[in-house]
Amino acid sequence: MKRLLLLGAGHAQLSVLAALARQRVPGAEVVLVSAAERQLYSGMVPGLVAGRFSEAECSIALAPLAATAGARLIRGQAVALDAAEHFVTLADGQRIDYDVLSLNTGPVQDRERIPGAHANALFLRPIEAFVQLWPQARALAEEDLLDVVVIGSGAAGVEIALAVGARLGTRCTLTLVSSGGPVLPGYGQSVRRRALAALARRSVQVLPGPCTAIEPGHVRLGTLRVACDVPIMAIGGDAPAWLAGSGLALDAAGFVRVGATLQSASHPGVFAAGDVIVRDDAPHPRSGVYAVRAGPVLAQNLRRFVAGGALMPYAPQRRSLNLLALGDGRAIASWGGWSFQGRAMGWWKDRIDRAFIRRFSDQP
Ligand SMILES: Cc1cc2nc3c(=O)[nH]c(=O)nc-3n(C[C@H](O)[C@H](O)[C@H](O)COP(=O)(O)OP(=O)(O)OC[C@H]3O[C@@H](n4cnc5c(N)ncnc54)[C@H](O)[C@@H]3O)c2cc1C
């Protein structure tokens, strides 16, 4: 028996589990290690904050999915990986050996990047922790006007700011701070214009930043102090620090270098997908869309690798449909240079998101 270790139940790994539920890999014992007992779907988290979805509606329970896949589920947080000796160490000291490793643990947020953030801010990741803490922050608005500052003006920051506005309305003041550049870097002009209009309708003050410190009661943007009760960190994703000593080939930022077959550039028995990877041969943005698309190829290649067959390449699509939730049931859809906005786009986004949850919750 070979041990196939699935580390992290990210978007791609869910596809691996669904494929295993349909057909087991002969000769493989499958172990799934996950930090949480459910996978909260990030695409629906802004809707959760806005009060449009319940936690249950945004969650995929891992125990039933693992059971149908014939995988042993271990709850635990990986803190080290030894790619030469083929084992992972969990936070509780447990050592888990593997023959084949599939890594899909997603990104982390560097808690030390902005002084004071670690002690004072609410981080979007881990999403599980954010979802537990957000109701406590929200409850403060029942007592007094709440000053909320969202730090980071990428898609997640914009969606969260609009969601907070939709939920708290006039019970909060809202500020969105960019890292110095424009709101929604990487998006076209028309999407940016629409998003800025939506932010203005919600009375969200947009400041260029960057944020230099977070202190109790306010955030600092250089010499400017902005009153803040709840700083929400929506800064982009970083590579997990625990991969640094793994021996895997990493890029300068610490992401796992993989090739077209999703195998590590240094260790062919290690596969990886999602936001934790970098593809030098086919660079693409880090987003759930790409992680989802990699899933079926990852599932096939793990199966073929165990069986000793030829592996398939994964070619990321050149562009992807983007749906940005505006917090009130509407969304901006964009494809290349085109963008559309309205309730129909919001309905479309909800439909795609709910179908994703259903796909992994209704396993036979
Ligand atoms: C608020 C928000 C909204 C977003 N909306 C969208 C959207 O609409 N569309 C889109 O394409 N992208 C969206 N994104 C980006 C998207 O979340 C990421 O690109 C995506 O989650 C990456 O998927 P992944 O499979 O790599 O990792 P993840 O989805 O992060 O999954 C990783 C899993 O691994 C587990 N894990 C992490 N570390 C460990 C460890 N050390 N040991 C064990 N398990 C571990 C985690 O608990 C998690 O279950 C959004 C992000 C945020 C924050």
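Counting convention: from 1, in listed order, for ligands and their atoms alike. Residue numbers count from 1 along this sequence. As the structure is a prediction and not an experimental result, all values here were calculated from the model.
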Over 12 non-hydrogen atoms of neighbours within 6.0 angstrom of CZ in Arg303: yes
Cation over ring face, Arg286 and Phe255, 6.0 Å, 45°: yes
Taking the side chain as everything from C-beta on, heavy atoms only, tell me whether Leu298 gets closer than 4.5 Å to Tyr314. no
For ligand 1, which atoms, with element, lie under 4.0 Å from some heavy atom of Lys349? 8 (O)
Shortest non-hydrogen contact from Ala12 toward Ala291: CB-O, 3.3 Å
NZ/NE/NH1/NH2 to OD/OE distance under 4.0 Å, Arg257 and Asp280: yes
Indicate, as side chain, backbone, both or neither, the part of His11 found under 4.0 angstrom from ligand 1 when only non-hydrogen atoms are considered. both
Proximal ligand 1 atoms for Gly274, defined as those under 4.0 Å from one of its heavy atoms: 26 (O)
At a 4.0 Å cut-off, with the gap strictly under it, does some heavy atom of Ala9 reach an atom of ligand 1? yes
In terms of atom number and element, which parts of ligand 1 are under 4.0 angstrom from non-hydrogen atoms of Ser287? 11 (O), 19 (O)
Using a strict 4.0 Å cut-off to heavy atoms of Trp242, name the atoms of ligand 1 that fall inside it. 41 (N)
Note: ligand 1 atoms sitting under 4.0 Å from heavy atoms of Ala78 are 40 (C), 41 (N), 42 (N), 43 (C)
Per-atom contacts of ligand 1 with Gly76, taking only distances under 4.0 Å to non-hydrogen atoms: 42 (N), 43 (C)
Atom 27 (O) of ligand 1: closest protein heavy atom, distance to 0.1 Å, is Gly106 CA, 3.1 Å
Closest to atom 1 (C) of ligand 1 by heavy-atom distance, out of Gly237, Ala156, Ala331, is Ala156
Pick, from Ala36, Ala35, Gly43, the option with the minimum heavy-atom distance to atom 5 (N) of ligand 1. Gly43
Once you measure the plane-to-plane angle for Trp134 and Phe130, does it fall in the parallel (<30°), tilted (30-60°) or perpendicular (>60°) bin? parallel
Which option wins on minimum heavy-atom distance to atom 4 (C) of ligand 1: Ala291, Ser42, Gly288, Ser15? Ser42
Do Leu196 and Phe340 belong together in a cluster built from hydrophobic side chains that touch within less than 4.5 Å? no
Distance under 4.0 Å to a non-hydrogen atom of Asp275: what atoms of ligand 1 satisfy this? 18 (C), 19 (O), 20 (C), 22 (C), 26 (O)
Approximate separation, where rounding is to 0.5 Å, of Thr175 OG1 and Gln205 CD: 4.0 Å
Is any side-chain heavy atom of Leu20 closer than 4.5 Å to a side-chain heavy atom of Leu6? yes
Salt-bridged, Arg225 to Glu215, with N to O below 4.0 Å? no
Under 6.0 Å between ring centres, would you say that holds for His11 and Tyr41? yes
For ligand 1, the portion of Asn104 having any non-hydrogen atom under 4.0 Å away: both
Does Arg125 come within less than 4.0 angstrom of ligand 1, counting non-hydrogen atoms of the residue? yes
Does atom 9 (N) of ligand 1 have a protein heavy-atom neighbour under 4.0 Å away? no
Atom 49 (O) of ligand 1 [closest protein heavy-atom partner, distance rounded to 0.1 Å]: Gln39 OE1, 2.4 Å
Please work out whether any backbone atom (N, CA, C, O) or any side-chain heavy atom from C-beta onward of Tyr290 is under 4.0 Å from ligand 1, and answer side chain, backbone, both or neither. neither
For Val164 versus Cys172, what's the shortest heavy-atom pair and its separation? CG1-SG, 4.3 Å
What is the closest protein heavy atom to atom 36 (N) of ligand 1, and at what distance does it sit? Thr105 O, 3.7 Å
